[in-house]
Amino acid sequence: MPTTTLDDIEIHYRETGEGFPIVLIHGYTGNSRNWALTAPALAERFRVISVDLRGHGQSAKPVSEDAYALETMASDVYELLKNLDVNECVLVGHSMGGMVSQLLVLEHPEIVTALILVDTAGEVPKGLLYDERRKQRQKLVEIAEKEGMEAVFEEQLKVTPIPAAFKANPEYIDVWRQQFLMTSREAYIACATGMSSRRSLLRDLASITVPTLIICGEHDEPFLEPSRDMHKAIAGSELVIMGGAGHGPQMETPGGFNKALIAFLSPVTETAAV
């Protein structure tokens, strides 16, 4: 699989299809394989580039936790696109990847023709649901520090609701495990800290003028209100609540997810190509 070296950090990516570039950025403890049910559908019409963020997948895994700032990850994606001669693209970010995408479009708006934010937030979510999630995450971080990533995954299986699609096909759990364990312990700990302490971007998001689609699974309760907040902040944005999905609609309800993406992308990319 192709890689590129950015400031001595090797970044792995996947590329398929031809046409207007669509850039896919995965979430926390994921990698480019999270888009395995998305990329083929998009590749029929577009050039699809999916990246493994540093510390994840097959990309380099620095041992310093200071290497995993969300801003640094956004810079990695930008430099990768420059290396691939991508001057404009549609940016698609899921969860933590959506946070990275927000930073990238705010820092380099000239390269982003349209934006798709999936089950993510413009600021640290508030409320009882997120407080419980934060407590669970802190416990998992402590397990990572003391026992390693295998132990974290086993504990996560106990505390995380398993999506219906995963229950129906147990192979998904094996794939999830494989991808999860490709995340370094340092990235796991540092990204958890970074996401829980990041500054609010909601006011900054008001400066986004490109077409924007916001998607959230109907069962992803901690991110429903944050999705609505981003929708309010970005003028003219579209909001789709994906029926039957939780935090990973691209994997849980791929048919509906791909249909929503293509319906949004077709007019946007046709205009951009003119």
Side-chain angles (χ1 to χ4, degrees), residues 1-4 10-27 30-53 56-59 73-74 76-98 100-101 104-105 108 111-120 165-166 169 171-172 175-176 178-179 182 210-215 217 238 240 242 244-245 247-274:
M1 292 297 174
T3 60
T4 190
E10 193 171 74
I11 298 295
H12 169 265
Y13 65 95
R14 297 171 185 265
E15 185 170 358
T16 184
E18 297 180 354
F20 195 87
I22 311 296
V23 179
L24 308 175
I25 307 178
H26 65 80
N31 57 55
S32 55
R33 289 181 64 193
N34 286 166
W35 305 104
L37 303 178
T38 306
L42 296 181
E44 295 177 7
R45 308 185 188 188
F46 306 106
R47 176 187 181 189
V48 183
I49 301 164
S50 52
V51 59
D52 285 353
L53 296 172
H56 295 72
Q58 298 182 53
S59 287
M73 292 182 173
D76 286 344
V77 178
Y78 177 69
E79 293 300 327
L80 169 65
L81 295 179
K82 284 175 47 178
N83 283 3
L84 296 177
D85 294 322
V86 174
N87 298 314
E88 56 180 349
C89 69
V90 175
L91 203 56
V92 185
H94 171 241
S95 194
M96 185 181 77
V100 171
S101 297
L104 179 52
V105 70
H108 298 286
I111 202 172
V112 181
T113 298
L115 179 66
I116 301 175
L117 300 172
V118 184
D119 290 77
T120 189
F166 287 18
N169 188 348
E171 290 183 5
Y172 282 172
V175 172
W176 181 17
Q178 292 168 16
Q179 295 187 22
M182 293 176 77
V210 296
T212 300
L213 172 64
I214 298 164
I215 297 176
E238 300 177 35
V240 172
M242 189 64 57
H247 190 61
Q250 75 274 38
M251 295 171 281
E252 298 170 43
T253 54
F257 181 80
N258 294 342
K259 183 177 180 180
L261 258 61
I262 291 171
F264 172 79
L265 288 170
S266 295
V268 167
T269 53
E270 286 171 6
T271 301
V274 174

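For the numbers below, each heavy atom of this structure counts, side chains included, while hydrogens, waters and symmetry mates do not. The first residue of the sequence shown is numbered 1, and numbering continues consecutively from there.
At a threshold of 4.5 Å between non-hydrogen side-chain atoms, the residues L265 and L42 count as touching. At least one side-chain heavy atom of V77 sits under 4.5 Å from a side-chain heavy atom of L81. Between E88 and F20, the closest side-chain pair of non-hydrogen atoms falls below 4.5 Å. Side chains of Q58 and E10 form no contact here, defined as non-hydrogen atoms less than 4.5 Å apart. Using a 4.5 Å heavy-atom threshold, the side chains of Y13 and L84 count as touching.
Formation of a donor-acceptor pair under 3.5 Å by the T212 side chain with backbone atoms of V210 is found in this model. The backbone N or O of H56 sits nowhere less than 3.5 Å from a side-chain atom of H12 that would complete a donor-acceptor pair.
Interatomic distance, I25 CD1 to I116 CD1, rounded to the nearest 0.5 Å: 11.5 Å. With rounding to the nearest 0.5 angstrom, the CG atom of L91 is 8.5 Å from the CD1 atom of I111. To the nearest 0.5 Å, atom CG of residue L117 and atom CD1 of residue I214 are 6.0 Å apart. Interatomic distance, CD1 of I11 versus CG of D76, reported as 4.5 Å (0.5 Å rounding). For the atom pair I22 CD1 and L261 CG, the distance stands at 8.0 Å (nearest 0.5 Å). A distance of 7.0 Å separates SG in C89 from CG in L104, rounded to the nearest 0.5 Å.
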Given L53 and H26, is the side-chain contact (heavy atoms from CB on, under 4.5 Å) satisfied, shown in steps?
CA-CA 8 Å; L53 296 172; H26 65 80; 3.7 Å; yes
Walk me through it: do T120 and H94 pass the test side-chain contact (heavy atoms from CB on, under 4.5 Å)?
CA-CA 6 Å; T120 189; H94 171 241; over 6 Å; no
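The local environment of CG in N83 is crowded, with over 12 non-hydrogen atoms from other residues, nucleotides or ligands closer than 6.0 Å. Residue E18 qualifies as open at atom CD: its count of foreign heavy atoms under 6.0 Å is 12 or below. Counting non-hydrogen atoms of neighbouring residues, nucleotides and ligands closer than 6.0 angstrom, the CZ atom of R45 reaches no more than 12 such neighbours.
Under the salt bridge (charged side-chain N to carboxylate O under 4.0 Å, His left out) criterion, E79 pairs with K82, not counting sequence neighbours. For F264, there are no ring-ring contact (aromatic ring centres under 6.0 Å, His included) partners at least two apart in sequence or on another chain.
The list of side chain to side chain donor-acceptor pair (under 3.5 Å) pairs with a residue in residues 31-40, not counting sequence neighbours, reads R14-S32, S32-D52, N34-Q179.
The minimum heavy-atom distance linking A43 with V48 is given by the pair N-CG2, 3.7 Å. Contact record, N258 with A41: ND2-CB, 3.7 Å, taken as the closest heavy-atom pair. Taking all atoms of both residues into account, the shortest heavy-atom contact from M242 to I215 is CE-CG2, 4.1 Å. Closest of all the heavy-atom pairs between A245 and T253 is CB-OG1, 3.5 Å.
Of the candidates L115, L24, V92, L115 is the only one forming a side chain to side chain contact (heavy atoms under 4.5 Å, CB included) with S101.
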